[in-house]
Amino acid sequence: MDGDRVTNSTHNAPKPDDDADAEASGSTSPSLAPSRHVIDTQLRAILCDVLGLDSNDVETFDSDTGLFGHLPELDSMAVAGLLTEMEDRMDIIIDDDDVDGEMLETFGGLLAFAEAKAVTG
């Protein structure tokens, strides 16, 4: 009997605005780290902005793409700007002891470093 069926209109209620803000920022909860895709996208944007690289070129970067020592734009002076921008945009803290040649050698190394930092804060 259709007349006897009761529907719960709040069951399909839209999510509060806080959820939409969290999704837009790349996380679904304040306690969860951003996804790998979000970190990858942020890192590519940072490389473009700090080093002045073409976004189409940066989109072709894979885990083996060389960075420090391979990109003339990424010299020792640019490293400081890159790391500072990563801290600001990714809301992470990078200590001097964290920085080594291996993390800057390839895009994959820098991405793995950023992911680890996003998880640990």
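Counting from 1, the numbers follow the sequence of the chain as shown. Just so it is clear, the values below take in all heavy atoms, side chains as well, and ignore hydrogens, waters and symmetry mates.
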Counterpart residues, side-chain contact (heavy atoms from CB on, under 4.5 Å), relative to Phe68 (two or more places apart): Leu74, Val79, Leu104
Spatial distance of atom CD (Glu85) from atom CG (Leu43) [nearest 0.5 Å]: 11.5 Å
Pairing residues for Thr65 by the side-chain contact (heavy atoms from CB on, under 4.5 Å) criterion, not counting sequence neighbours: Phe61, Asp62, Phe107
4.5 Å side-chain heavy-atom contact, Leu53 and Leu71: yes
Shortest non-hydrogen separation from Gln42 to Arg89 and the atoms involved: NE2-O, 3.7 Å
Pairs involving residues 96-116, ordered by first then second residue, that meet side-chain hydrogen bond (donor to acceptor under 3.5 Å, both in side chains) (sequence neighbours left out): Arg36-Glu115, Asp98-Lys117
Intermediate values then yes/no, side-chain contact (heavy atoms from CB on, under 4.5 Å), Ile39 and Thr41: CA-CA 5 Å; Ile39 295 170; Thr41 301; over 6 Å; no
All pairs passing salt bridge (Lys or Arg N to Asp or Glu O under 4.0 Å) where residues 37-48 contributes a residue, at least two apart: Asp40-Arg44
Check: Ile93 and Asp95 side chains under 4.5 Å, non-hydrogen atoms: yes
Smallest separation among heavy atoms of Met86 and Ile92, with atom names: O-CG1, 3.7 Å
Any residue meeting side-chain contact (heavy atoms from CB on, under 4.5 Å) with Asp75, in chain and number order, not counting sequence neighbours: Met77, Ala78
Minimum heavy-atom distance Met103-Leu83, with the two atoms named: CE-CD2, 4.0 Å
Minimum heavy-atom distance between Val50 and Gly81, given as atom pair plus value: CG1-C, 4.0 Å
Heavy-atom side-chain contact between Leu82 and Leu110 under 4.5 Å: yes
Residue pair Cys48 / Ser55: nearest heavy atoms and the distance that separates them: SG-CA, 3.5 Å
All side-chain contact (heavy atoms from CB on, under 4.5 Å) counterparts of Asp54, not counting sequence neighbours: Asn56, Asp57
